[in-house]
Protein chains: 2
Amino acid sequence: MAKAPTVYDVAERAGVSIATVSMTFRRPHKVKEETRKIVEAAAEALNYVPSASARGLAHGHTGALGLYSFDIFLPEPDGSLGGVAPISTRSRAKVPVVRDDGDDDYRRFPLYVHEVQRGVELECWQRGYALLIGAASRADSATRVTDIVGRVDGLAVFPHHSGLGDVLERISRRIPVVAVSQRPQDDGLSHVSIDNRGGMRAMTQHLVADHGMRDLLFVGYMDTFDAQERFAGFKAALRAAGLRVPAKPAELTVGNDVETVVADVLARDTLPEAFVCVSDEVAIDLMKALAEHQVRVPEQVAVTGFDGVVAGRVVRPALTTVRQPMQAMGHVVVDILVERIADPAGSPVTRRLPVQVVLRESCGCSRP
Amino acid sequence: MAKAPTVYDVAERAGVSIATVSMTFRRPHKVKEETRKIVEAAAEALNYVPSASARGLAHGHTGALGLYSFDIFLPEPDGSLGGVAPISTRSRAKVPVVRDDGDDDYRRFPLYVHEVQRGVELECWQRGYALLIGAASRADSATRVTDIVGRVDGLAVFPHHSGLGDVLERISRRIPVVAVSQRPQDDGLSHVSIDNRGGMRAMTQHLVADHGMRDLLFVGYMDTFDAQERFAGFKAALRAAGLRVPAKPAELTVGNDVETVVADVLARDTLPEAFVCVSDEVAIDLMKALAEHQVRVPEQVAVTGFDGVVAGRVVRPALTTVRQPMQAMGHVVVDILVERIADPAGSPVTRRLPVQVVLRESCGCSRP
DNA sequence: TTGAAAGCGCTAACAT
DNA sequence: ATGTTAGCGCTTTCAA
């Protein structure tokens, strides 16, 4: 790991100036064939790799896009993830045999943000951008996001807790920023969101119209824009069907988890006909809690989710849900960024993508 | 999007020198409280964000790690992914309702590389590194990987086709490089791999000892280190059991896909007792082909995979497989990189991680 | 076609 | 505690 060779080293070895070396890499055809060969040989011999930092500095932009996630999507730092000890390189280690793996990994990954990220990655690569991804816990997010900003030409951010709004607005005065799944507003950011309201309305309508249900309970954390819109869609559907419209959902909070909600409901003499959950994650947790209380889904009560994560296809019964076009969202995010980078004077754009109700088993629709 | 403010602008506005501004951000406690306040206010007013390029250049390192994937894990660029048209921001769009989604997305994502990547991401964030991820098709991979190298302090690479070996060796002379799932060899790179041989041996042994099978067919693409080791483990188990050891697997190639293998096998008068597949992906494809020919798994023939991807839990019957500790691999990759960055003089390390046989339904073990 | 030279924005001695 | 100054490696006019 010798000191990194620079243009100077290459120039010296090739017997040319640094400008020629630079030119050889940037605009090869502007350099005489012969010279180019010599420079390339020197570069190769020296293991020369241009420094992106220097280039970015001189050039004014970095050629990279950034994607930032906040603590809400990070697992607790319990360190358990790295807890696999390496084995000897040559030994014939005993290989454990287990009956199915009871692990729940599929419930934590991939979440919908990860599928959106996948879309971002694919689009970046196709366009030749490098992608810098970062994340941090709430405490240091302002610092860390700033750290990312310094090295990218555009930034995408996933939902975050309040308090970062100002930081993002400031950032958006420097580089384009697009916020995913946040309330589109006039904050200088571009926005990509989905049809939460319509999706939840259609889902609810399915339960009411196709399954003849009348007693539905909306369950979920209500601290995001998506959640509020979904609840609004739920209410709209009930209203349209002439059913009683609840003022509040069964709101989950740190002190009131799914387990508690289930216990509460079971304490009443009748079960609702369906739990309409704000997300697949909640729905899956709920089904688990229900199973522990010997309540059968969908026979005794239906359960629906929202998002369309893979986990919903793993669980039994398979989860009926509203599917977000996650990868497409990622593509759109990059589209916007690239567009805004090309035209920094333009104004922020907001785009909404369509969703789809996906009927599986948990609502009572039979297995296809 | 005005021109980005710099230390000079902040310094001028705060009435201090640029060194003080820099100091305020790098070592706040070395600056008088009062001065710090002034500088911070000026920075805030100006929307100042330090340039990572400049910092990296001055400082000598970037604070970022890189992760590179090659074309084998990229989907065909058919552009179909972005094909979701935005809908009007205010309209009440019609929401389609479909019975289950026939889409196969879960088979393409997350693959095992994505779960390893997830581990890398988590570990990077915990350690305060930014993560730059890149990918490219075979044609331009040498260029693109070099582009990444210029902006990171350490690089991890997923399996690649030959031809990149030289490039990587050269790179490893500049920054630490760790190769995932490649043959550990004395090429200057660090290596992280798994117990392919032991895992496949144990899997095969389960089939032979617990299910009493004697006629097993190994199926898979054989163009990777992992694949070769797995086949070796398969043979070792047969040999140990006193069964006939095939010289060659049913090798898949571009011209000989799973469909063909199934057709070939069906043309014989007897089916093997089990298809032992080199990966979950092959196993899932195979089960699909089998289903199309009305062959029932596991009743008529068992199928096993290798990797432990989520898709194996989605398919019916659930796939019996050998599970790699994917996230842990990612953590180990970062561990190594960080270690090697701290001690550039040290030598490359190679680490092997243990696997686990996971019994589900496709081998004939009943549902738990 | 190639070279000389002036930055790009920041850090870290060193000086004050 | 703060200011001066010399780079860090590269790109890009402008000259030759």
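Residue numbers start from 1 in every chain, and the chains themselves are labelled A, B, ... in the order their sequence lines are given, proteins ahead of strands.
At least one donor-acceptor pair under 3.5 Å links the side chain of S172(A) to the backbone N or O of E169(A). Between the H59(B) side chain and the G56(B) main chain, no donor and acceptor come within less than 3.5 Å of each other. With hydrogens and angles disregarded, a donor-acceptor distance shorter than 3.5 Å links the side chain of S190(B) to the backbone of V349(B).
Between the C1' atom of dT2(C) and the NE2 atom of H29(A) lies a distance of 15 Å, rounded to the nearest Å. Atom P of nucleotide dG3(C) and atom NZ of K32(A) are separated by 10 Å, given to the nearest angstrom.
Aromatic ring centroids of F25(A) and Y48(A) lie under 6.0 Å apart.
Using a 4.0 Å cut-off between charged side-chain N and carboxylate O, E40(B) and K37(B) make no salt bridge. A salt bridge is absent between R174(A) and D153(A): the closest approach of a Lys/Arg side-chain nitrogen to an acidic carboxylate oxygen does not fall below 4.0 angstrom.
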Below 3.5 Å is the cut-off: list the nitrogen or oxygen pairs between protein and nucleotides 14-16 of chain D, distance only.
none

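Using modelled atom types, one finds a donor on one side chain and an acceptor on the other under 3.5 Å when comparing E121(A) with Q117(B).
L337(A) is not listed as a side-chain neighbour of Y129(A), based on a closest heavy-atom distance of 4.5 Å or more. A heavy-atom distance below 4.5 Å is found between the side chains of S181(B) and P159(B).
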For this session: Go along nucleotides 7-16 of chain C 5' to 3' and tag each nucleotide: B for a protein heavy atom under 4.0 Å from its base, S when only backbone or sugar atoms are that close, - otherwise.
Result: BBBBBB----
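For DNA chain C, none of the residues of residues 34-42 of chain B falls under the heavy-atom distance limit of 4.0 Å.
S17(B) has no side-chain polar atom (N or O) that falls below the 4.0 Å cut-off from OP1 or OP2 of dT2(D).
A distance of 5.5 Å separates CE in M329(B) from OH in Y112(B), rounded to the nearest 0.5 Å.
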